[in-house]
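So the structure is just underneath, and the comments pick up after that.
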Amino acid sequence: MQNPVLIEEYRGGLLENIHPGRICVIGPDREVLFSAGDTAAPLYYRSSSKPLQALAPLLDGLDKKYGLTMRETALLCGSHAGEPVHVETLLSMLEKIGAKEEDLLMLPTYPANQDAFREAIRLGLPPRKAWHNCSGKHAGAMMLQKEAAGSVAGYWKKDSPAQQKILSVIAEMAEVDPASIPIGVDGCGVPVFAVPLYNMALSYLKLACPDMIASAPLREAACRTVEAMKEYPVMVRGNGFLCTEINRDRNIVAKGGAKGVYCLALRRERIGIALKFDDGTEECWPIAIRRILEKLGYRDAQTLAMLDSLRPLSLTNDNNETVGEYRPTF
């Protein structure tokens, strides 16, 4: 199935780029309010699964056992940008778990936050694992592995107790048979899970509206997860990034993933939304989300203005000259 074009990009009146993809919007009764493209084919969550993966250690009460603060809990859900507060929070969490930075699977890297990156270069610092955006998620899997196996070793392996627990939680939230979920390897080396776009939207609707979750312990874990994201949205990504700025709206629970995936839900309206750009673009996320919220009649002017500021419809060059425009086509 060829998916429709969601965004057109014009330069000087000439169509320069197209961004095809798929969208699924579901309502309080799980009914599809709007869809575009193939919403039934499995897609990898990528990092949009992080708030769902965070439910696994919370479901077992490990946040309480290890004395995690709400800020640390929020980092479990995030793709942090390596700001000082992110590194401080991660190292505190690893210490509570009884793990070290060296126990993290991924290779060392530099921060995504440009100020933190420039400071690291100015000081001549080498790359480090704590700057990796996925390290918070890894810490959550470490907790699960230590509880089940007595050590954090191998927490990233597909058949490890940690990853099997995460798989079961994602399957329950998405309402998909865990045996039917395709599993790949994510950019940071841990398993990555695929479900249809409809089920992604459903999982976020349940995350935002925990009363829809049948299991009482999982429902309570979702409440704690969302509250942490709302109290510390900066831990979900970083200052100036979409995932942090949109989570400042207490009515929205949101998280993006690599290669154009974005999931969000409206708590008050009880609506779940998932989208995927087939070309993997992330720059058009704010435009697509703004369009969807507009069509839903969303009234939070501050959130809509934030989306406009992150990616205006006008296309500018390096000299701040308007040279074209983006046009949503759905």
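Along the sequence shown, residues are numbered consecutively beginning with 1. Values below: all heavy atoms of this structure, side chains included; hydrogens, waters and symmetry mates excluded.
Remark: the backbone N or O of Arg11 is not paired with any side-chain donor or acceptor of Glu16 at under 3.5 angstrom. Using modelled atom types, no side-chain atom of Asp60 and backbone atom of Leu62 make a donor-acceptor pair closer than 3.5 Å. With hydrogens and angles ignored, the 3.5 Å screen pairs no side-chain donor or acceptor of Asn199 with any backbone N or O of Val195. Formation of a donor-acceptor pair under 3.5 Å by the Glu83 side chain with backbone atoms of Asn239 is found in this model. Lys96 places no side-chain N or O within donor-acceptor distance of the main-chain N or O of Lys65, the cut-off being under 3.5 Å. Judged by distance alone, with hydrogens and angles left aside, the side-chain atoms of Thr244 form a donor-acceptor pair with the main-chain N or O of Gly238 at under 3.5 Å. Formation of a donor-acceptor pair under 3.5 Å by the Trp156 side chain with backbone atoms of Leu105 is not found in this model.
Remark: Ala130 pairs with Val87, Leu90, Leu91, Glu101, Arg128 by the side-chain contact (heavy atoms from CB on, under 4.5 Å) rule, at least two apart or across chains.
At a threshold of 4.5 Å between non-hydrogen side-chain atoms, the residues Tyr198 and Val32 count as touching. By the 4.5 Å heavy-atom criterion applied to side chains, Phe330 and Ile23 are counted as neighbours. Side-chain contact between Tyr44 and Asp186 is absent, with no heavy atoms from C-beta onward closer than 4.5 Å. Put simply, the side chain of Leu313 does not reach to within 4.5 Å of the side chain of Glu325, judged on heavy atoms. Proximity of Leu76 to Met235: side-chain heavy atoms (C-beta onward) are nowhere separated by under 4.5 Å. For the pair Phe277 and Ile7, the minimum side-chain heavy-atom distance is below 4.5 Å.
There is a side-chain donor-acceptor pair under 3.5 Å between Glu147 and Tyr66. Donor-acceptor pairing under 3.5 Å is recorded for the side chains of Glu72 and Ser92. For the residue pair Asn17 / Tyr10, no side-chain donor-acceptor distance below 3.5 Å is found, with atom types taken as modelled. A donor-acceptor contact closer than 3.5 angstrom is absent between the side chains of Asn251 and Lys230. Under 3.5 Å, the side chains of Asp249 and Thr303 contain a donor-acceptor pair of N or O atoms. Counted by atom type alone, Lys146 and Ser151 present zero donor-acceptor pairs between their side chains at under 3.5 Å. Under the 3.5 Å distance criterion, with hydrogens and angles disregarded, no donor-acceptor pair is assigned to the side chains of Ser168 and Lys165. Side chain to side chain, Lys255 and Ser49 fail the donor-acceptor criterion of an N or O pair below 3.5 Å.
Between Asp115 and Arg122 there is no salt bridge, since none of the side-chain N atoms of the basic residue sits less than 4.0 Å from a carboxylate O of the acidic one. A salt bridge links Asp278 to Arg22: one of the charged nitrogens lies within less than 4.0 Å of a carboxylate oxygen. Looking at Asp63 and Arg224, a side-chain N of the basic residue comes within less than 4.0 Å of a carboxylate O on the acidic one, giving a salt bridge. A salt bridge links Glu175 and Arg30; the closest N-O separation between the charged side-chain nitrogens and carboxylate oxygens is under 4.0 Å. A salt bridge links Glu231 to Arg250: one of the charged nitrogens lies within less than 4.0 Å of a carboxylate oxygen. The existence of a salt bridge linking Arg71 and Glu88 is confirmed by a sub-4.0 Å separation between a basic side-chain nitrogen and an acidic carboxylate oxygen.
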task: Give the C-alpha distance, both sets of side-chain angles, the deciding distance and a yes or no for side-chain contact (heavy atoms from CB on, under 4.5 Å) between Met200 and Val261.
output: CA-CA 10 Å; Met200 286 187 184; Val261 178; 4.2 Å; yes

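A distance of 6.0 Å or more separates the ring centres of Tyr45 and Phe193.
A distance of 16.0 Å separates CG in Leu6 from CZ in Arg327, rounded to the nearest 0.5 Å. Going from atom SG of Cys134 over to atom CG of Leu104 covers 10.5 Å, rounded to the nearest 0.5 Å. With values rounded to the nearest 0.5 angstrom, Ile213 atom CD1 is found 4.5 Å from Leu218 atom CG.
Using a 30° and 60° split on the angle between ring planes, His80 and His86 fall in the tilted class, from 30° to 60°.
Of the residues Arg219, Lys206, Arg267, Arg270, the one that meets the salt bridge (charged side-chain N to carboxylate O under 4.0 Å, His left out) test with Asp211 is Arg270.
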